[in-house]
Amino acid sequence: LALSSTSHPREPTMAAADSTSLEGALLGMGNPLLDISAEVGQDILDKYEVTMNNAILAEEKHVPLYEELTSGYSVDYIAGGATQNSIRVAQWMLGVAGATAYTGSIGKDAFGTQLKAAAAKDGVNALYMEDDTTPTGTCAVLIKDKERSLVANIAAANNFKIDHLSTDAMQAVIKGSKLVYSAGFFLTVSPASMIAAGKHAAETGNYFATNLSAPFLCSVFKEQMHSVLPYADIVFGNESEAAAFAEANSFAGASVAEVATKIAALPKASGTHARLAIITQGSDPTIVAVD
């Protein structure tokens, strides 16, 4: 097992490839949300009992937060959700229209229409499942002193069904992809879909990547996480999530490097690719472990 760290950002590089080979190369599956972003004071954080550098699912006590932000603060509306954000950035970096695709569940409403338009504008092939009974999900992005806290009301995103993956359009995208990425937040909705994508990657020699995504997922959704990890060729996380993963798995107090090493060495469904565990630490060096 190899371990390394880096603190020097590099320019993104890719092997030489024409636009045809990149078409549909990357597929994301996740919880599409409309981000409502605002700079707030400590009073809002205290009122809704949220902490910085964290991400949680909205509870009943958080429901008034969204209206309070839109009515009392200067807000930005952004097509978001962890996986969708990653796919949109990847699309921008690749620079080839249709290089990426994305799926998740949205509502048949104005926010859903806005999300579809944003994805299309960014060159992402969005294949949303549309729920006509539940509104499109939203996420409060609370910013204070250059840190943020996320409170997600995933709404329609919570209703994604694995059957959507069987549609002709989705099957074509899945079979044409080279890498499927699904952030850990999708564990709360459809771990079965993540496993299905992971199994396909293992059977075809392609790649499946995931992300620890938030500390609470490592404990509250521990069982689901460990059902998906055997299929993961690449696992991302940050130092807070690494600490939570260690605590949930009986090695609390382990260093970030030790956690990365343990994640890389977890059982794997396919031996085609060595697993990479990549743990970021803000301005500190990023830890990379490979089994």
Side-chain angles (χ1 to χ4, degrees), residues 28-33 35 45-66 80-86 104-105 134 137-142 147-162 181-198 208-232 234-254 256 258-260 262-264 266-267 275 277-281:
M29 302 191 309
N31 302 330
L33 305 173
D35 288 350
L45 303 177
D46 293 340
K47 180 178 179 179
Y48 291 100
E49 300 178 352
V50 297
T51 57
M52 302 312 294
N53 193 29
N54 198 15
I56 61 173
L57 295 177
E59 301 175 25
E60 188 66 29
K61 65 184 178 183
H62 299 117
V63 172
L65 170 61
Y66 304 94
T83 301
Q84 185 164 227
N85 283 336
S86 296
S105 179
T134 312
T138 52
C139 181
V141 182
L142 308 178
E147 292 187 316
R148 69 177 188 173
S149 185
L150 309 178
V151 185
N153 178 22
I154 61 177
N158 196 46
N159 296 338
F160 186 87
K161 302 294 188 294
I162 192 172
Y181 173 68
S182 186
F185 293 113
F186 207 43
L187 292 170
T188 69
V189 174
S190 188
S193 296
M194 298 173 75
I195 291 171
F208 177 75
T210 190
N211 199 313
L212 300 181
S213 294
F216 80 92
L217 291 169
C218 299
S219 53
V220 180
F221 291 87
K222 176 182 175 180
E223 181 178 348
Q224 294 90 332
M225 182 175 287
H226 280 277
S227 72
V228 169
L229 283 175
Y231 302 98
I234 307 168
V235 179
F236 297 96
N238 65 26
E239 71 275 33
S240 300
E241 295 150 9
F245 186 90
E247 184 171 353
N249 289 278
S250 303
F251 49 96
V256 172
E258 290 169 335
V259 176
K262 287 182 179 292
I263 291 174
L266 287 171
R275 179 185 290 121
I278 303 168
I279 309 296
T280 62
Q281 303 184 95

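Numbering of residues begins at 1 and proceeds along the displayed sequence.
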Student: Could you state the interatomic distance from SG (Cys218) to CE (Met225), rounded to the nearest 0.5 Å?
Tutor: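 The distance works out to 4.0 Å.
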
Student: Counting only heavy atoms not in Glu247 (residues, nucleotides, ligands), do more than 12 fall under 6.0 Å from its CD?
Tutor: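 Not more than 12 within 6.0 Å, no.
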
Student: Just how far is it from atom CG of Leu45 to atom OG of Ser149, taken to the nearest 0.5 Å?
Tutor: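 Answer for the CG-OG pair, Leu45 versus Ser149, is 7.0 Å.
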
Student: If you compare all heavy atoms of Val50 against all heavy atoms of Ile56, which two are closest, and at what distance to 0.1 Å?
Tutor: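 Minimum heavy-atom contact is CG1-CD1, 3.9 Å.
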
Student: To check you understand the geometry: which heavy-atom pair defines the closest contact between Ser219 and Ala248, and what is its length?
Tutor: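 Answer, listing the atom of Ser219 first, then Ala248: CA-CB, 4.1 Å.
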
Student: Listed by chain and number, what are the side chain to side chain donor-acceptor pair (under 3.5 Å) partners of Tyr48, not counting sequence neighbours?
Tutor: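 Partners of Tyr48 under the side chain to side chain donor-acceptor pair (under 3.5 Å) test: Glu68.
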
Student: Closer than 3.5 angstrom, by distance alone: can the side chain of Arg275 be matched with the main-chain N or O of Leu266 as a donor-acceptor pair?
Tutor: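 Present.
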
Student: Are Tyr231 and Thr210 close enough that some pair of their side-chain heavy atoms sits under 4.5 Å apart?
Tutor: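 They are not in contact (no side-chain heavy atoms under 4.5 Å apart), so the answer is no.
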
Student: Under the rule for side chain to side chain donor-acceptor pair (under 3.5 Å), what residues qualify as partners of Thr134, not counting sequence neighbours?
Tutor: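 Applying side chain to side chain donor-acceptor pair (under 3.5 Å) to Thr134 gives Asp131, Asn159.
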
Student: Heavy atoms, side chains only, cut-off 4.5 Å: are Val63 and Asn153 in contact?
Tutor: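 Side-chain contact under 4.5 Å: no.
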
Student: So, for Ser105 and Pro32, which heavy atoms are closest and what is the spacing to 0.1 Å?
Tutor: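 In terms of heavy atoms, the two residues are closest at O-CG, 3.4 Å.
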
Student: Can you name the ring-ring contact (aromatic ring centres under 6.0 Å, His included) partners of Phe245, sequence neighbours left out?
Tutor: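 Here the qualifying residues are His226.
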
Student: Quick one: list whatever passes salt bridge (Lys or Arg N to Asp or Glu O under 4.0 Å) with Glu223, sequence neighbours left out.
Tutor: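 Not a single residue meets the salt bridge (Lys or Arg N to Asp or Glu O under 4.0 Å) criterion with Glu223.
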
Student: Might you point out which heavy atoms bring Glu239 and Gln281 nearest each other, and give the distance in Å?
Tutor: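 Shortest heavy-atom separation between Glu239 and Gln281 comes out as OE1-CA, 3.4 Å.
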
Student: Heavy atoms only: give me the nearest Ala155-Gly137 pair and the separation to one decimal.
Tutor: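 Minimum heavy-atom contact is CB-CA, 3.8 Å.
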
Student: Only counting residues at least two apart or in another chain, list the ones meeting side chain to side chain donor-acceptor pair (under 3.5 Å) with Glu60.
Tutor: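 Not a single residue meets the side chain to side chain donor-acceptor pair (under 3.5 Å) criterion with Glu60.
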
Student: To the nearest 0.5 angstrom, please state how far the CZ atom of Arg148 sits from the CG atom of Asp35.
Tutor: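 Those atoms lie 8.0 Å apart.
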
Student: Does any non-hydrogen side-chain atom of Lys222 lie less than 4.5 Å from one of Asn249?
Tutor: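 In short, these two side chains touch, coming nearer than 4.5 Å.
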
Student: What are the two closest non-hydrogen atoms of Ala58 and Tyr66, and how far apart are they?
Tutor: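 Taking every non-hydrogen atom into account, CB-OH, 3.5 Å.
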
Student: Are Leu212 and Leu217 side-chain neighbours, meaning at least one heavy-atom pair lies under 4.5 Å?
Tutor: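 The answer is no, as the side chains (C-beta and beyond) never meet within the 4.5 Å cut-off.
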
Student: Are Val141 and Leu150 close enough, and set up right, to give a side chain to side chain contact (heavy atoms under 4.5 Å, CB included), and what steps lead you there?
Tutor: CA-CA 5 Å; Val141 182; Leu150 309 178; 3.8 Å; yes

Student: Indicate yes or no: at least one non-hydrogen side-chain atom of Phe251 is less than 4.5 angstrom from one of Val259.
Tutor: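 Of all side-chain heavy-atom pairs linking Val259 with Phe251, at least one is under 4.5 Å.
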
Student: Hey, could you give me the CD1/OG1 distance between Ile278 and Thr280, rounded to the nearest 0.5 Å?
Tutor: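 The distance works out to 9.5 Å.
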
Student: Please report, to 0.1 Å, the donor-acceptor pairs under 3.5 Å made by any side chain of residues 181-197, with sequence neighbours excluded.
Tutor:
from   : atom 1 : to     : atom 2 : distance (Å)
Tyr181 : OH     : Asn211 : ND2    : 3.2
Ser182 : OG     : Met29  : O      : 2.8
Thr188 : OG1    : Phe185 : O      : 2.8
Ser190 : OG     : Ser193 : N      : 3.3
Ser190 : OG     : Ser193 : OG     : 2.5

